[in-house]
Amino acid sequence: MTYVVGLTGGIGSGKTAVSDRFKALGITVVDADVASRVVVEPGRPALQLIAEHFGADILLADGQLNRAELRKRIFQDESERLWLEGLLHPLIRQEIMDGLNNASSPYALLVSPLLIESGQSKFTKRVLVVDVPEELQLSRTVARDNNSAEQVKAIMSAQASREQRLQHADDVIVNDGSLEQLHQKVQEQHEKYLSLAAEANDA
Ligand code: ATP
């Protein structure tokens, strides 16, 4: 069984910056957001079922899922949302598990903005939280995206709070310095996870 570390944090906290660094260190990274998109790609059975259920106009001309239309449909109708979740959640879980089981490194990283809220933390041995002071989170996210401070603040307040996340953390990386400092912190966690994974393997 692959030793799995879960990585989470709020919008713009630095999950991608952190996971890119783990990747550079040779660690297999599975991204829950990517998994949730892959399961509805053309050719996957879920897309066929969605088209049968909602009608062919849920697809774009090129055969891809029309996400905006789907969001509208499930927003309007709770039972449709439940139907879709019932279909997709097990498939996303399987996609994540396949990625983790196929890891080619001594441990693997599962990145998910909703690691704790979605219950995906049950796949993990440890939870690593990227924590960042709110002012920095806001300024970095506004600088990265084409969003106003108000839009970003609204997303931040809809997400779990810093305190809620930190309650579930086994390890914390505080991303309040330079990228170089961030890389140093990832390196330290990496060394720790290598030895924890080795210990778990010996047990
Ligand atoms: P989201 O949840 O929105 O996908 P995220 O948690 O993956 O965000 P990143 O995209 O990694 O966050 O970081 C947000 C922005 O802040 C990016 O533009 C990134 O380059 C920048 N950033 C992250 N860490 C630092 C740092 N230590 N110093 C300077 N910029 C940083």
Side-chain angles (χ1 to χ4, degrees), residues 4-41 65 67-68 70-71 85 88-89 92-93 95-96 99-100 103 105 107-124 126-193:
V4 180
V5 176
L7 173 67
T8 193
I11 180 173
S13 56
K15 294 179 294 298
T16 306
V18 167
S19 63
D20 282 352
R21 199 61 195 171
F22 277 105
K23 263 187 216 163
L25 293 167
I27 296 306
T28 298
V29 174
V30 175
D31 185 320
D33 279 348
V34 172
S36 67
R37 286 195 297 269
V38 164
V39 298
V40 291
E41 279 177 354
L65 180 61
R67 289 168 191 286
L70 185 63
R71 264 198 303 276
E85 287 178 356
L88 295 184
H89 284 181
I92 295 167
R93 198 174 310 130
E95 188 69 25
I96 289 173
L100 294 172
S105 50
Y107 67 92
L109 200 69
L110 170 59
V111 187
S112 175
L114 297 175
L115 186 76
I116 296 155
E117 299 89 322
S118 68
Q120 286 159 349
S121 56
K122 68 175 177 290
F123 298 129
T124 69
R126 294 182 81 80
V127 172
L128 169 60
V129 169
V130 197
D131 183 49
V132 69
E134 272 118 3
E135 320 82 69
L136 254 184
Q137 181 182 16
L138 184 63
S139 61
R140 283 181 185 156
T141 310
V142 168
R144 183 194 59 183
D145 303 338
N146 215 357
N147 278 342
S148 68
E150 276 56 47
Q151 282 168 314
V152 176
K153 276 186 197 163
I155 296 170
M156 281 166 60
S157 59
Q159 293 186 334
S161 69
R162 273 176 92 184
E163 292 69 28
Q164 285 167 332
R165 250 183 238 108
L166 289 172
Q167 274 173 13
H168 292 87
D170 298 295
D171 306 301
V172 179
I173 286 183
V174 182
N175 185 16
D176 61 355
S178 65
L179 281 172
E180 207 166 284
Q181 286 168 323
L182 182 67
H183 294 168
Q184 180 55 38
K185 290 177 183 177
V186 171
Q187 179 70 38
E188 285 163 19
Q189 291 300 327
H190 173 62
E191 284 163 21
K192 179 160 119 189
Y193 295 145

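Counting convention: from 1, in listed order, for ligands and their atoms alike.
- Between His190 and Tyr107, the ring-plane angle classifies as tilted under the 30° and 60° cut-offs.
- For atom 27 (N) of ligand 1, the nearest protein heavy atom lies closer than 4.0 Å.
- Within the structure, the closest approach of Gly10 to ligand 1 falls below 4.0 Å when heavy atoms are considered.
- The presence of a protein heavy atom under 4.0 Å from atom 19 (C) of ligand 1 is ruled out.
- Backbone and side-chain nitrogen or oxygen atoms of Ile11 are examined, and none is located within less than 3.5 angstrom of a nitrogen or oxygen of ligand 1.
- Under a 3.5 Å cut-off, the side chain of Gln137 and the backbone N or O of Ile11 do form a donor-acceptor pair.
- Atom CG of residue Leu7 and atom CZ of residue Phe22 lie 7.0 Å apart, to the nearest 0.5 angstrom.
- Under a 4.0 angstrom heavy-atom cut-off, Gly9 registers as lying outside contact with ligand 1.
- The nearest protein atom to atom 2 (O) of ligand 1, hydrogens excluded, is given as Lys15 NZ, 2.6 Å; this is a heavy-atom distance.
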Given side-chain contact (heavy atoms from CB on, under 4.5 Å), test Val18 with Asn175 step by step and report yes or no. CA-CA 9 Å; Val18 167; Asn175 185 16; 5.6 Å; no
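- Contacts of Val130 with ligand 1, taken as heavy-atom pairs under 4.0 Å, are absent altogether.
- A donor-acceptor contact shorter than 3.5 Å is absent between the side chain of Lys153 and the backbone of Ser148.
- Ligand 1 has Ser13 within reach: a non-hydrogen atom of the residue lies less than 4.0 Å from it.
- Summarising the geometry of Arg140 relative to Gly177, their closest heavy-atom pair is NH2-O, 3.3 Å, with the distance given to 0.1 Å.
- With salt bridges taken as basic N to acidic carboxylate O contacts below 4.0 Å, one links Arg126 and Asp171.
- A distance of 9.5 Å separates NE2 of His183 from CG of Leu25, quoted to the nearest 0.5 Å.
- Residue contacts with ligand 1, taken as heavy atom pairs separated by less than 4.0 Å, involve Ser178 solely via the backbone atoms N, CA, C and O.
- Some N or O of Gly12 is nearer than 3.5 Å to an N or O of ligand 1, by distance alone.
- Counting only distance, with no hydrogens or angles, the side chain of Ser105 and the backbone of Thr28 share a donor-acceptor pair below 3.5 Å.
- Regarding atom 23 (C) of ligand 1, its nearest protein heavy-atom neighbour is Asn175 ND2, 3.7 Å.
- Residue Ala17 approaches ligand 1 through these ligand atoms, each under 4.0 Å from one of its heavy atoms: 11 (O).
- Here the heavy atom of the protein found nearest to atom 13 (O) of ligand 1 is Gly14 CA, 3.8 Å.
- From the protein, the heavy atom lying nearest to atom 7 (O) of ligand 1 is Thr16 OG1, 2.6 Å.
- Considering only non-hydrogen protein atoms, atom 21 (C) of ligand 1 sits nearest to Arg140 CD, 4.1 Å.
- Atom CZ of Arg162 and atom CG of Asp131 lie 4.0 Å apart (nearest 0.5 Å).
- Summary of contacts: the protein heavy atom closest to atom 4 (O) of ligand 1 is Arg144 NH1, 3.7 Å.
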